[in-house]
Amino acid sequence: MQIVSVVGARPQFVKLAPVNEGLSLLGVQHSIIHSGQHYDVDMSDALFQDFNLPEPTLNLGVGSGSHAQTTARILQRVDEALMRLGPDLVVVYGDTDTTVAAALAAVKRGFPLAHVEAGLRSFNRTMPEETNRILTDHAADLLFAPTETAMSNLVREGLEGRAVVTGDVMADICLRTAKRVREHPPDIDLPVEDFILATLHRPYNTDDPKRLSHIVTALSQMPIPVLLPAHPRLRARAKSAGISLKQGNIWLADPLDYSTLIFTAQASKAIVTDSGGLQKEAFLLGVPCTTIRTETEWPETLMGGWNELCFNFTSRNLIHCILRSKPVLSPESPFGDGTASQTITQILRNYVENGIR
Ligand code: UD1
C-alpha cells in the first residue's frame, strides 16, 4: 500500500507532520510530493527539519507566479509525478494553490483523494483559499472535518456522505510542541518579557500600500515591543511600497520555525495576525488574538472573546483591542483532544485496504 501526500506551502508542512507520523506508526508506505510553492529555507526546509520529516520523494520546484500560473504548473507536474508513483490514495491538506491543483491532478487520473482540513469556509469568495477549499472538498472521496462547524458546512453542501469529524491535526501538533518547548526551550532572544507577536501575509493587507502603511504604523505605535517575523510577501510588498518594517516598537525578524513560533506565541502577551493557523494556535495556547480580517474560517476561536476581528481600525482602537484583558479559559476545546491524526490515518488505511471508512 502506498499513500502519497502532496504539500507545498508552509501551513501544509505543519498538517503533514502528524499525519506522516501516524502513517509511519501503522507501517504504511508514505511518499511526499513537495510542489515547491514555498521554497525559501525558512519557509520550507526549516519546517521539514523541525518536524523530522523525511526528504520529499519528489520536489516539483514550481516556485512563485500568479495563482493561475502556480495552480497550472502544479497540476501538470503532480499529474506526471502521480503517474510515476502510482499511489493507492492521494492526500491533500488545507486550502492553498497546491491543495486544489493536486486534488484535480488526482481525480483526473482516478486516484482516490482525501482532504485533511475539509469543510472550512470563510464565506469570502474574494480569498483564493475559499475557492480552493470548495473545489477540493467537492472533488475528494474522503473529507476529514476538523470541527463540528466544518462538518455542518459540508452537510449544507451535500457532502456529508464522504465526511467525518476527526478533530484538528493542527491541534495535535500544537499541543505536543507546546509541551516540548516548555520543557526544552528553543534558542531565541525574545525582545523583552512583555511583547506582542504579529504576523501578516494576506494580499488584502499587504498588497495595498495605503492599508499596509496604516497597519505598520499602528503596530509601530504599540506600547510594548511587537515581534514581527516577516513573511516574504510582506517584505516584498513593503519594500516596493517604500514602507520600512523597522519602525518604532516593531522588532523585525525572519520567519520562525514551528517550535520557535509556538514557544514565542506561548510567551507573548497577545497575538496580532491574519493567519488562519496562528488564530487557532493562540486559542489553543490561551493567548488573546486580534485578527486583521473581516471574517474567520475558525469561528470557534471567537468564543469567549479569545479572538477578535478588527479590520478597519484606528491605532487607538487597535491598541485597545490587542491589549484587552485575558478572557476566562473554557475547559473544552472544539478542536479535538490531540488525536486527530490517529483517527485520520486509521481511516486512510481502512479505506485503501477495504474501500470503506
Ligand atoms: C500561501 C497560501 C496561503 C497560506 C500561505 C502561508 C495560496 C493561495 N495561499 O500564501 O493560504 O496561508 O501560503 O504562508 O496558496 N515567496 C518567497 N519565498 C517563498 C514563498 C513565497 O519569496 O518561499 C514570495 C513570492 O514572491 C510569492 C509570495 O511570497 O509570490 C507569496 O507566496 P505564495 O505562495 O504565492 O502565497 P502566500 O502569500 O505565501
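Just so you know, ligand 1 is whichever comes first in the structure, and atom 1 is the first atom listed for that ligand.
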Just jot down the ligand 1 atoms closer than 4.0 angstrom to any heavy atom of D95, in number order.
-> 11 (O)
Between A150 and A118, what is the shortest heavy-atom contact and its length?
-> CB-O, 3.4 Å
Does the pair D79/K108 count as a salt bridge with the N-to-O cut at 4.0 Å?
-> no
What's the spacing between E297 CD and M127 CE if we round to 0.5 Å?
-> 5.0 Å
Nearest protein heavy atom with distance in Å, relative to atom 25 (C) of ligand 1 = S64 OG, 3.2 Å
Between T99, T70, T96, I74, which one has a non-hydrogen atom sitting closest to atom 2 (C) of ligand 1?
-> T96
If you scan protein heavy atoms around atom 3 (C) of ligand 1, the nearest is E129 OE2, 3.2 Å
More than 12 heavy atoms of other groups within 6.0 Å of Q76 CD | no
In the protein, what heavy atom is nearest to atom 24 (C) of ligand 1, and what distance, to one decimal place, separates them?
-> P232 CB, 3.8 Å
Any idea which protein heavy atom is nearest atom 38 (O) of ligand 1, and the distance to it?
-> R233 NE, 2.9 Å
Considering only NZ, NE, NH1 and NH2 on the basic side and carboxylate oxygens on the acidic side, decide whether R162 and D137 come within less than 4.0 Å.
-> no
Among protein heavy atoms, which lies nearest atom 17 (C) of ligand 1, and at what distance?
-> Y39 OH, 3.2 Å
Salt-bridge present (D207, R237; N to O < 4.0 Å) = yes
Out of Q37, M43, Q12, who gets a non-hydrogen atom closest to atom 7 (C) of ligand 1?
-> Q37
Tell me: protein heavy atom nearest atom 8 (C) of ligand 1, and distance?
-> D97 OD1, 3.4 Å
Salt bridge D95-R121, side-chain N to carboxylate O under 4.0 Å | no
What protein heavy atom sits nearest atom 12 (O) of ligand 1, and how far off is it?
-> H201 NE2, 2.9 Å
Side-chain ion pair, R133 and E129, N-O less than 4.0 Å = no
Return the orientation label for the Y204 and F311 ring planes: parallel under 30°, perpendicular over 60°, tilted otherwise.
-> perpendicular
Against heavy atoms of H67, which atoms of ligand 1 measure under 4.0 Å?
-> 8 (C)
Looking only at protein heavy atoms, which one is nearest to atom 32 (O) of ligand 1, and how far off is it?
-> H38 NE2, 4.1 Å
H231: numbered ligand 1 atoms lying under 4.0 Å from its heavy atoms = 14 (O), 37 (P), 38 (O), 39 (O)
Measure the distances from the heavy atoms of P11 to every atom of ligand 1 and state whether one is below 4.0 angstrom.
-> yes
